[in-house]
2 protein chains.
Amino acid sequence: MGDTGKQPLPRNKIIVGDCIEELEKLPAESVDLVFADPPYNLQLANELYRPNNSRVDGVDDDWDKFSSFETYDRFTRDWLAACRRVLKPNGSLWVIGSYHNIFRVGTALQDLGYWVLNDVIWRKTNPMPNFRGRRFTNAHETMIWASTGQKARYTFNYESMKALNEDLQMRSDWLLPICSGAERLRQDGRKTHPTQKPEALLQRVILAASHPGDVILDPFMGSGTTAVAAKRLGRAFVGIEREKAYAKAARDRLKSVETLDPASLQAAKGKRAETRVPFGTLVELGLLSPGTALYDPAARHEAKVRADGSIACAGAQGSIHKIGAHVQGAMACNGWTFWHYEAGGALKPIDDLRAEARQKLAS
Amino acid sequence: MGDTGKQPLPRNKIIVGDCIEELEKLPAESVDLVFADPPYNLQLANELYRPNNSRVDGVDDDWDKFSSFETYDRFTRDWLAACRRVLKPNGSLWVIGSYHNIFRVGTALQDLGYWVLNDVIWRKTNPMPNFRGRRFTNAHETMIWASTGQKARYTFNYESMKALNEDLQMRSDWLLPICSGAERLRQDGRKTHPTQKPEALLQRVILAASHPGDVILDPFMGSGTTAVAAKRLGRAFVGIEREKAYAKAARDRLKSVETLDPASLQAAKGKRAETRVPFGTLVELGLLSPGTALYDPAARHEAKVRADGSIACAGAQGSIHKIGAHVQGAMACNGWTFWHYEAGGALKPIDDLRAEARQKLAS
DNA sequence: CATGCACCTGAATCTGCCC
DNA sequence: GGGGCAGATTCAGGTGCAT
């Protein structure tokens, strides 16, 4: 992958340096998840984050909006491209921003071939009011979640997100308080970092899009919320931060963070996570004998189990799914829940037998 | 302003034609407010079926197909520039979109010199779920509100918005239902337009950013919601629509719309939904740490809280409700009152913690 | 006439694995 | 990388019919 001379991936470290330069030192395809909270002050971007850091700028007196956007766009493309190289093919990336910069980021993402999966709205319970009364209270920030491409098989812990939301699908709008109170880092009574993100936000991102043990990269580490949430949730982190003071604050903060015990980190599992049991195995294990009759819930159709794990119904024969779809005239069918067998005078789904088979196979 | 040969501004008319061509015929600086609902460029690759095998009737119209981002960007720049010419200096523009297109739109806006005032999130009370369980439910759309420039003195009816929101500043996230039921236009039982917007959404936009008597332009008129809301609120409208069938449907629809007398405009009060607090939020907010033990009132069962808001008990895992039902051998269970945590030697229902969470989340 | 239940639908970039 | 196939996957709200 052209990684000659790259350093091995430093794990659980915060690197002090320019994010693009430091990203280029990391090995390709080594990171599972990126969370980025890039700067969005366009003028600052012009001064502080010029891609080629070696050139001292002295020509910014006459910069205008256009050149400012242009500089910001170049900067955005550079760090997004650098992240893309470092991401594993099935990794994914989150970026948070506001209307000042998020459109530039989203456009750059798409132009680079990232595939947007969702835009997620962080609704703040306690936003700063609009003091002048000339606009709507700016009560949210926008996150973009993207995979490395349209075909990528990214991680999404659907069941965990559903569990977090009382058994309803997690929506694209998240209500969470801003970072304040004891969680907010302070030095001499003043906040250490101007845009410290709440841990709850990062925890949800990490729970949604990574597994325990994964490596999470934050190219704009700041006060270290990403690293804190990653450590707490049993993930490894790599942080990049150009300000020594922020890096130090983050390191200090990490010292008191404990990783949760593995049992607490177990993710809610759905059927997808279960081991696959082909229907034929039920026959092989003797849970269902060849010749047994299967019925749909209304007992309108009857099919016979055959020794090879196919079923036959009214002249047609094939898998439980194919025949289930066929008798309904449907495009597809989950035969496990469609077909039932008779037990004690009642019809029970063959899915029950699959559970039995799983137990037998596990022991 | 170089308007020689332009037609006078047609008021309360729907023009059939290409939006850019028609915009160029209109006089410069003649419009107070633009609301635009451009094609989203959805790029749907496959058919989608619900779990019950019914087909989702998605947007597959030719007008939503673009060959590349580049083509879409050019189209976007062209219509935004044309709108800019037609807008009065103190007018403003709204565009609605989704993550498929909104970043392109926002970038184009900024590049053309528009000044973003807010991005406003339309949170849908009843969005379509994510049927395959592979992403977050796409539960919102994004609107960008922009003035013609940084110095422009745009209209914002701060007090009206505050009144709509129980005397609190209107936030940048709006909760409104999608357009369905009697409001949804239908022909032969099928929806007339695939993406009809709710009147409530347009009413709020128009109330926020225009005065009675102002002229409101919609370059992608569709089924006419902008015109309907404008007429109802005593504003003039100009609509442009390429498809004759949509233009006709909009004209028919307008016939039965009455302009409200100013006094009754006060009637529409915003409803504030009570915040729903999922169990997972207690974990996210740190009110209950992962690993904490929960007990039923008699302390016969013990369950452990996990980081994703699921709980685990004797090999089973799931939501507080599911596991509560499971250990009791019941069909259902209210986990909030069933499960207790230990505090000061006593067992207290986790419902107590929900009250605390609600306070933290109160907005 | 009220209640209940079955059915329908909405701007959707919506699968994973094996061969 | 494409084809084939197993099999996993939905929430809020409106309409309309049956009881």
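Chain identifiers are assigned alphabetically (A, B, ...) following the order of the sequence lines, protein sequences preceding nucleic acid strands; residue numbering begins at 1 within each chain.
Within the structure, every side-chain polar atom (N or O) of Arg276(A) is placed at least 4.0 Å from both OP1 and OP2 of dG16(C). Of the side-chain N and O atoms in Arg132(B), one or more sit less than 4.0 angstrom from OP1 or OP2 of dT15(C). Between dT13(C) and Asn138(B), a contact under 4.0 Å exists linking OP1 or OP2 to a side-chain N or O. OP1 or OP2 of dA6(D) has at least one side-chain nitrogen or oxygen of Ser319(A) nearer than 4.0 Å. The side chain of His321(A) contributes no N or O atom lying less than 4.0 Å from OP1 or OP2 of dA6(D). Taking 4.0 angstrom as the limit, Arg354(A) places a side-chain polar atom (N or O) nearer than this to OP1 or OP2 of dA8(D). Side-chain N/O atoms of Lys124(B) include none lying less than 4.0 angstrom from OP1 or OP2 on dC11(D). Residue Tyr158(A) places at least one side-chain N or O under 4.0 Å from the OP1 or OP2 atom of dT10(D). Under 4.0 angstrom from either OP1 or OP2 of dA12(D) there lies no side-chain N or O belonging to Arg123(B). Distances shorter than 4.0 Å separate some side-chain N or O of Asn334(A) from OP1 or OP2 on dA8(D).
Checking dA12(C), dG10(C), dA8(D) against the side-chain heavy atoms of Ala332(A) singles out dA8(D) as nearest. Listed nucleotides: dG14(D), dT13(C), dA11(C). Nearest to the side chain of Asp64(B): dA11(C). Among the nucleotides dA12(C), dT9(D), dG10(C), the one closest to the side chain of Lys271(A) is dT9(D). The side chain of Asp57(B) approaches dG10(C) more closely than any other nucleotide in the set dA6(D), dT13(C), dG10(C). With dT15(D), dA11(C), dG7(D) as the candidates, the nucleotide lying closest to the side chain of Trp336(A) is dG7(D). Distances from the side chain of Asn52(B) to the nucleotides dT9(C), dT13(C), dA11(C) place dT9(C) closest.
dA18(D) and dC1(C) have their C1' atoms separated by 14 Å, with the value rounded to a whole Å. Spacing between dT9(D) and dG10(C) at atom P, rounded to whole Å, works out to 25 Å. Using atom C1' as the reference point in both dC14(C) and dG7(D), the two lie 15 Å apart (nearest Å). Straight-line distance between the C1' atoms of dT10(D) and dC7(C): roughly 14 Å, to the nearest whole Å. Taking atom C1' in both dT15(D) and dA11(C), the straight-line distance is 23 Å, to the nearest Å.
Defined by atom type and a distance below 3.5 Å, a donor-acceptor pair is present between the side-chain atoms of Asp119(A) and His140(B). Arg276(B) and Asn165(A) share a donor-acceptor pair across their side chains, judged by distance under 3.5 Å alone.
Ring stacking holds between Trp115(A) and dT13(C), with the centres under 5.5 Å apart and the planes within 30 degrees of each other.
For Lys162(A) and dA8(D), the NZ to P distance is 14 Å, given to the nearest whole Å. Counting to the nearest Å, the P atom of dC5(D) and the CE atom of Met331(A) are 14 Å from each other. Protein atom CD of Gln150(A) is 13 Å distant from nucleotide atom P of dG16(C), rounded to whole Å. Between the C1' atom of dG16(C) and the CZ atom of Arg134(B) lies a distance of 9 Å, rounded to the nearest Å. Residue Lys151(A) contributes atom NZ, which lies 10 Å from atom P of dT15(C) at whole-angstrom precision. Rounded to whole Å, the distance from CG on Leu42(B) to C1' on dC14(C) is 13 Å. When rounded to the nearest whole Å, the span between CE of Met170(A) and P of dT10(D) equals 15 Å. Between the CZ atom of Phe338(A) and the P atom of dA6(D) there is a distance of 16 Å, given to the nearest Å.
Residue contacts for Arg190(B): at a heavy-atom cut-off of 4.0 Å it reaches no nucleic acid atom on any strand shown. Across all strands, Glu159(A) comes closer than 4.0 Å only to sugar-phosphate atoms, never to a base (heavy-atom distances). Within 4.0 Å of Thr125(B), counting heavy atoms only, lie sugar-phosphate atoms of the nucleic acid but no base atom. Within 4.0 Å (heavy atoms only), Leu168(A) reaches sugar-phosphate atoms of the nucleic acid but no base atom. Nucleic acid contact class of Pro198(B) (heavy atoms, under 4.0 Å, all strands): none. Counting any heavy atom pair closer than 4.0 Å across all strands shown, Pro177(B) reaches no nucleic acid atom.
Contact of Arg50(B) with dG10(C) (side chain to base): a donor-acceptor pair of N or O atoms is detected under 3.5 Å.
Of all nucleotides present, only dT15(C) satisfies the Watson-Crick or G-U wobble test against dA6(D), with each distance under 3.5 Å. Remark: dT15(D) base-pairs with dA6(C). Criterion, Watson-Crick or G-U wobble with two distances under 3.5 Å.
Counting all heavy atoms, side chain and backbone alike, Ser223(B) lies closest to Gln196(B) at OG-CG, 3.2 Å. A pairwise comparison of heavy atoms in Glu302(A) and Ala293(A) identifies OE2-CB, 3.7 Å as the closest pair.
Mapping Arg135(B) and Lys191(B) onto DNA chain C via the closest heavy atom, the residue that lands nearer the 5' end is Lys191(B). Of the residues near DNA chain D, Pro129(B) and Asp351(A), the one whose nearest nucleotide (by heavy atom distance) lies more toward the 5' end is Asp351(A). Each of Ala152(A) and Gln43(B) was assigned the nucleotide of DNA chain C with the nearest heavy atom; the assignment lying further toward the 5' end belongs to Gln43(B).
Proximity of the aromatic rings of Phe220(B) and Trp79(B) is defined here by a centroid distance below 6.0 angstrom, and this criterion is met. You'll find the ring centres of Trp174(A) and Phe136(B) inside the 6.0 Å limit. With ring centers used as reference points, His100(B) lies 6.0 Å or more from Tyr40(B).
Taking the ring centre of Tyr154(A) as origin, the terminal cationic atom of Arg134(B) falls inside the region bounded by 6.0 Å and 45° from the ring axis.
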inquiry  = With salt bridge (charged side-chain N to carboxylate O under 4.0 Å, His left out) as the criterion, how do Arg74(B) and Asp78(B) come out once you've worked through the C-alpha distance, each side chain's angles and the decisive distance to 0.1 Å?
reply    = CA-CA 6 Å; Arg74(B) 202 174 319 121; Asp78(B) 287 348; over 6 Å; no
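An anti base is found at dT10(D): its glycosidic angle is more than 90° from 0.
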